[in-house]
There are 2 protein chains.
Amino acid sequence: MTKAVKPVAREARHYIRIKEQILADIAEGKLQPGDRVSSESELVAAFGVSRMTANRALRELMFEGILKRSAGIGTFVSPKHLDVDLLQIRNIADEILERGHKHKAAVVKAGLMKADANVADALELTLGAGVMHSLIVHLENDQPIQVEERYVNPLVAPDYLSTDFSSMTPNEYLTKVAPITAFEHVVQAVKPDPAIRKYLGLKNDHPCLRVFRRTWSGEAVVTCALLYYPGAQYRLEARSTKGPSKPVAILGEKL
Amino acid sequence: MTKAVKPVAREARHYIRIKEQILADIAEGKLQPGDRVSSESELVAAFGVSRMTANRALRELMFEGILKRSAGIGTFVSPKHLDVDLLQIRNIADEILERGHKHKAAVVKAGLMKADANVADALELTLGAGVMHSLIVHLENDQPIQVEERYVNPLVAPDYLSTDFSSMTPNEYLTKVAPITAFEHVVQAVKPDPAIRKYLGLKNDHPCLRVFRRTWSGEAVVTCALLYYPGAQYRLEARSTKGPSKPVAILGEKL
DNA sequence: GCGACTAGCCTGTATATACAGGGCGGAGAA
DNA sequence: TTCTCCGCCCTGTATATACAGGCTAGTCGC
């Protein structure tokens with residue numbers, strides 16, 4: 001005879017509680033990268049759930065790149081790295097919040113300017129046309145992680161400069177005003193110039209990832225931006241649809 | 001009394017079969033964006049699996065952005081998902097030839113080795129399994145432009161090492177032996193170690209673009225490679241389908 | 001002392017079952 | 001005819017169970 005199964009209200013969502021607990025432990029530093037996470041059976045005991053539920057929580061965290069699992073060994077916290085999806089445009093504030101961290105944006109500059117040849121070309125405007133420009137440093141837990149230099153097409157988003165960038169990122173505002181229908185990413189490794197280095201708090205010889213992004217809404221270029229990331233920590237990922245099941249350590253990094 | 005449960009060999013992985021079937025139907029156009037996908041119970045009947053297994057397949061496809069589900073209604077193909085071509089894998093020799101330049105490949109190392117933890121993980125083999133390894137420097141007009149360190153799954157391409165890499169790049173050979181069905185790119189800016197620096201002929205503080213690439217053929221990982229590019233010259237591009245008409249100068253060299 | 005075997009822990013996959021709750025359409029009441 | 005309620009289909013979540021198979025440490029025989 002099967003034992004009576006006590007159903008659980010949908011609101012409980014035990015697997016989410018387990019995920020939140022693990023994410024909180026990571027955020028508070030109780031779990032460090034490389035640390036062993038409770039095994040499924042330990043979670044069963046600790047949370048009073050079935051192993052399938054614990055399994056689901058851990059499996060989803062693995063898919064999200066937070067944990068690394070291997071049969072016979074155990075479950076571990078992934079080496080810390082910040083991922084950006086090359087094939088997708090995401091809001092940096094959301095990414096930071098998802099990691100359980102605090103996002104802040106420091107506006108260094110914001111104003112109007114005349115398009116020089118490069119900018120005019122990139123935004124498909126005429127030379128000397130009025131263009132909006134902003135330079136913003138994004139902070140994760142008060143650590144700088146991205147410098148965003150942006151040029152905006154005033155024909156598409158005329159109210160860009162009156163946005164409060166501390167409560168809404170440029171990206172967020174612009175996608176609301178003009179939904180993205182196409183984009184382009186060009187990635188380079190560069191030696192950052194002194195100003196960028198200062199904003200990111202980098203040493204002289206620290207390599208730096210630079211992403212040049214343009215986004216379209218219909219036929220019009222909405223905006224283009226230069227995004228600078230501190231190199232070593234930052235990873236850009238691109239996967240094809242049928243992609244791999246789980247993230248893997250890059251060869252050359254320690255497991 | 002619980003009915004006897006027929007255990008299934010791990011190799012079966014029914015949920016993956018279901019996912020592949022759905023992905024194939026989408027690829028062949030049998031399922032269009034917005035179409036309704038078989039419900040869980042229909043899949044149970046069609047594949048002879050339990051509902052939990054069908055549920056897992058659909059849930060994972062939802063996480064991957066392929067499907068959209070809503071309780072009480074059904075499961076549907078997501079309206080649009082960007083096509084795979086965004087970051088294609090190209091043969092470096094072809095790229096060089098297209099520029100009207102001369103390609104040469106210098107084989108630094110080529111041999112068998114035992115998979116360490118990282119390599120085993122990346123190729124989805126067991127620790128200590130035999131793996132083929134090669135280190136090749138690609139030259140454009142006798143200037144080094146890429147260092148390619150590659151690990152190859154011997155189960156997929158056992159004759160890899162007997163290839164003449166000066167007449168056929170590893171990439172070319174491998175795509176011939178096992179057509180690529182999926183890939184993953186992870187891009188970082190790094191300070192190259194002395195050996196890589198030497199091969200690329202770089203100065204000490206020169207930044208460097210490192211691409212970690214894995215390619216699949218069906219369920220098997222064919223190969224993974226670390227590709228090093230001298231940063232400033234090299235651009236990695238990703239475009240969405242509707243992409244821009246023509247390449248544009250990166251706003252760049254000045255702030 | 002060394003190697004082979006084994007017990008035990010861990011994840012991976014699969015099944016049968018159960019209840020919660022959203023959404024929709026048809027039957028029956030107003 | 002219109003409105004309401006109920007039953008049915010669908011997904012969401014949870015449980016108990018079972019077997020497969022990777023990995024390790026410890027034991028036992030030689």
Side-chain angles (χ1 to χ4, degrees), chain A residues 1-20 22 35-63 67-78 244-246 248 255, chain B residues 1-20 22 35-63 67-76 115-117 120-121 123-129 219:
Chain A
M1 196 57 170
T2 342
K3 215 168 64 190
V5 172
K6 183 181 53 194
V8 177
R10 185 173 182 168
E11 283 70 30
R13 298 209 286 177
H14 295 160
Y15 79 97
I16 287 192
R17 271 180 34 227
I18 297 176
K19 287 175 68 174
E20 284 173 347
I22 292 173
D35 282 1
R36 183 178 169 286
V37 177
S38 309
S39 75
E40 295 182 357
S41 47
E42 286 165 355
L43 290 175
V44 166
F47 285 85
V49 297
S50 78
R51 189 167 82 88
M52 281 307 295
T53 302
N55 176 278
R56 177 171 178 181
L58 294 178
R59 181 154 37 87
E60 289 192 2
L61 286 172
M62 183 189 70
F63 270 93
L67 302 180
K68 220 169 102 41
R69 319 192 71 195
S70 46
I73 311 282
T75 302
F76 304 88
V77 179
S78 287
S245 39
K246 55 175 177 177
V248 149
L255 205 61
Chain B
M1 198 58 166
T2 342
K3 212 169 61 189
V5 172
K6 183 182 53 189
V8 177
R10 186 173 181 168
E11 283 70 30
R13 301 210 283 177
H14 296 160
Y15 78 98
I16 286 190
R17 270 180 34 226
I18 298 176
K19 286 174 68 174
E20 284 175 346
I22 292 173
D35 281 1
R36 184 179 168 284
V37 176
S38 308
S39 74
E40 295 182 358
S41 47
E42 285 164 358
L43 290 175
V44 166
F47 285 84
V49 297
S50 78
R51 190 167 80 91
M52 281 307 295
T53 301
N55 175 277
R56 177 172 177 180
L58 295 178
R59 182 152 37 86
E60 289 190 1
L61 286 172
M62 183 188 66
F63 271 100
L67 301 180
K68 231 169 81 62
R69 318 191 71 197
S70 46
I73 310 282
T75 302
F76 303 87
D116 64 23
D121 217 29
L123 291 182
E124 293 174 3
L125 296 172
T126 57
L127 194 71
E219 280 297 301

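By convention in this document, chain letters (A, B, ...) are assigned in the order of the sequence lines, proteins followed by strands, and residues within each chain are numbered from 1.
- What separates CD1 of B/I16 from C1' of C/dG12 is a distance of 10 Å, to the nearest Å.
- Straight-line distance from the CD atom of B/E60 to the P atom of C/dG12: 11 Å, rounded to whole Å.
- One finds a salt bridge joining B/E40 and B/R69 here, because a Lys/Arg side-chain nitrogen approaches an Asp/Glu carboxylate oxygen to under 4.0 Å.
- Of the residues in residues 41-53 of chain B, those placing a heavy atom less than 4.0 Å from an atom of DNA chain C are B/G48, B/V49, B/S50, B/R51, B/M52, B/T53, in numerical order.
- Close to C/dA14, at under 4.0 Å from its OP1 or OP2, lies no side-chain N or O of B/Y15.
- Checked by atom type and distance alone, the side chain of A/E42 pairs as donor or acceptor with a backbone atom of A/S39 at under 3.5 Å.
- B/R13 contributes atom CZ, which lies 9.5 Å from atom NZ of B/K19 (distance to the nearest 0.5 angstrom).
- B/R56 forms a cation-pi arrangement with B/Y15, by the criterion of a distance under 6.0 Å to the ring centre and an angle within 45° of the ring axis.
- Nearest-nucleotide positions on DNA chain D for B/L125 and B/V37 put B/V37 closer to the 5' end.
- Rounded to an integer number of Å, the gap from A/F76 CZ to C/dC10 C1' is 10 Å.
- Distance, B/E40 CD to C/dG21 P: 18 Å, rounded to whole Å.
- Between A/R59 atom CZ and C/dT11 atom P the separation is 13 Å, expressed in whole Å.
- Distance NZ (A/K68) to P (C/dG12): 11 Å, rounded to an integer number of Å.
- The side-chain heavy atoms of B/V37 and B/L61, taken from C-beta on, include no pair separated by under 4.5 Å.
- Atom CG in A/L67 sits roughly 11 Å away from atom P in C/dT11 (whole-Å rounding).
- Side-chain contact annotation: A/R59 with A/N55, donor-acceptor N/O pair under 3.5 Å present.
- Shown here for B/V44 and B/S50, the closest heavy-atom pair between the two residues is CG2-C, 3.7 Å.
- In this structure, A/R13 places its CZ atom 9 Å from C1' of D/dT13, rounding to the nearest Å.
- For A/N55, taking side-chain heavy atoms from C-beta onward, the closest of the listed nucleotides C/dT13, D/dC10, C/dT11 is C/dT13.
- In this model, the phosphate group of C/dT11 is approached by a side-chain N or O of A/T75 to a distance below 4.0 Å at OP1 or OP2.
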